[in-house]
Participant: 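Attaching a single structure in structure tokens format; questions to follow.
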Amino acid sequence: SSGPPLLPVLDDASTDDGTPLALTSSADLSSSVDIEGFAWTSAKREGFNFPVYLRNFLRLIGCDNKCVFDRLDGRKLVPYQVAVHSTGWGLVKDSFEKHFRLQQSAYRRLHGGRSAPRVYFGRTPSFLDVSAEAPRVLGLVTERNTFVEWAEVSPTKQPRPCEYP
């Protein structure tokens with residue numbers, strides 16, 4: 001791989017929270033390529049996060065990006081996966097696919113070769129390790145395959161393991 005996927009360059013580009021994307025410095029523009037009216041340059045390599053990239057990509061091509069999530073069922077996805085709301089995604093999918101193909105062409109032209117970043121749909125989600133997400137209460141919670149068991153704690157009783165009837 002020759003690096004992260006590309007983003008279109010805009011003079012006043014900023015992230016959703018207002019942080020400048022800083023894609024238009026002379027160093028960035030010297031390593032950009034123009035395809036069909038867009039100048040494309042590499043997204044930030046360090047700490048690459050696909051949900052952040054996809055939100056910025058959609059916003060920069062003029063699409064609503066509120067259908068993109070870094071969590072599924074309350075669990076944080078690994079940084080290279082994203083969850084999308086099907087209704088919202090249906091509204092932006094065609095534009096995304098068109099512009100992502102342009103990005104792939106620009107990527108191959110900029111880096112040489114035949115490969116370019118791809119996006120796969122319908123894959124099994126991978127989640128960050130629970131211990132990486134939040135602190136755990138030891139001794140009160142037991143994980144068994146897909147089940148989480150916990151003991152009830154009352155002020156007068158010591159916690160004890162849950163038992164099956």
Side-chain angles (χ1 to χ4, degrees), residues 1-136 143 145-146 148:
S1 170
S2 296
L6 308 180
L7 283 169
V9 177
L10 298 177
D11 289 332
D12 59 351
S14 63
T15 61
D16 286 338
D17 66 2
T19 306
L21 283 174
L23 295 175
T24 57
S25 72
S26 58
D28 291 324
L29 289 177
S30 67
S31 62
S32 69
V33 63
D34 292 331
I35 296 217
E36 291 193 31
F38 286 95
W40 296 90
T41 192
S42 291
K44 183 176 149 186
R45 176 187 285 262
E46 186 178 329
F48 181 78
N49 181 289
F50 187 57
V52 171
Y53 168 81
L54 185 56
R55 282 187 206 111
N56 287 325
F57 186 92
L58 289 172
R59 190 181 51 72
L60 289 167
I61 63 171
C63 292
D64 183 7
N65 63 6
K66 292 178 180 53
C67 64
V68 177
F69 300 94
D70 64 354
R71 294 176 183 273
L72 181 63
D73 295 331
R75 296 176 62 198
K76 189 150 176 83
L77 293 162
V78 292
Y80 55 85
Q81 286 189 332
V82 65
V84 293
H85 187 273
S86 59
T87 303
W89 184 249
L91 299 173
V92 301
K93 181 181 178 195
D94 291 341
S95 184
F96 167 77
E97 288 175 344
K98 172 189 169 193
H99 288 91
F100 200 75
R101 281 191 300 275
L102 292 176
Q103 180 275 151
Q104 289 173 313
S105 296
Y107 187 94
R108 285 189 284 273
R109 188 175 297 169
L110 186 64
H111 296 292
R114 295 170 51 185
S115 64
R118 290 177 279 179
V119 176
Y120 298 98
F121 295 91
R123 297 290 172 110
T124 302
S126 296
F127 300 99
L128 288 177
D129 182 21
V130 174
S131 62
E133 273 191 75
R136 299 179 75 171
E143 291 182 37
N145 297 323
T146 59
V148 177

Participant: Taking all atoms of both residues into account, what is the closest heavy-atom pair of P79 and P51, and its distance?
Facilitator: O-CD, 3.5 Å
Participant: Taking all heavy atoms of F96 and all of L54, pick out the closest pair and write down the distance.
Facilitator: CE1-CD1, 3.5 Å
Participant: To the closest 0.5 Å, what do you measure between CZ (R108) and CD1 (I35)?
Facilitator: 9.0 Å
Participant: Would you say the side chain of W40 lies within less than 4.5 Å of the side chain of L110, judging by non-hydrogen atoms?
Facilitator: no
Participant: With side chains defined as the heavy atoms from C-beta onward, is the minimum distance between T41 and S31 less than 4.5 Å?
Facilitator: yes
Participant: Any chance you could measure K44, atom NZ, to Y53, atom OH, to the nearest 0.5 Å?
Facilitator: 15.0 Å
Participant: Side chains of L58 and W89: does their closest heavy-atom pair fall under 4.5 Å?
Facilitator: yes
Participant: Is it the case that the side chain of D64 and the backbone of K66 share a donor-acceptor pair, with hydrogens and angles ignored and the cut-off at 3.5 Å?
Facilitator: yes
Participant: S95 versus I61: any side-chain heavy-atom pair under 4.5 Å?
Facilitator: yes
Participant: Start with the C-alpha gap between L72 and F127, add the side-chain angles, then the distance that decides, and say whether side chain to side chain contact (heavy atoms under 4.5 Å, CB included) holds.
Facilitator: CA-CA 9 Å; L72 181 63; F127 300 99; 4.0 Å; yes
Participant: For a 4.5 angstrom cut-off between non-hydrogen side-chain atoms, does R109 reach S105?
Facilitator: no
Participant: Is any side-chain heavy atom of V78 closer than 4.5 Å to one of L128?
Facilitator: yes
Participant: At what distance, to the nearest 0.5 angstrom, does OH of Y107 lie from CZ of F100?
Facilitator: 10.0 Å
Participant: Given V82, which partner from the list D70, V68, V119, V52 fulfils the side-chain contact (heavy atoms from CB on, under 4.5 Å) test?
Facilitator: V68
Participant: Measuring from H99:NE2 to L6:CG, what's the distance to the nearest 0.5 Å?
Facilitator: 14.0 Å
Participant: Measure across S42 and P4 and return the closest heavy-atom pair with its distance rounded to 0.1 Å.
Facilitator: OG-O, 4.4 Å
Participant: Is there a donor-acceptor contact under 3.5 Å from the side chain of Q103 to the main chain of L7?
Facilitator: no
Participant: Quick check for you: to the nearest 0.5 Å, what is the distance between K76 atom NZ and S126 atom OG?
Facilitator: 14.0 Å
Participant: Just so I know, are the side chains of R55 and N49 near enough to count as touching, which here means a heavy-atom distance under 4.5 Å?
Facilitator: no
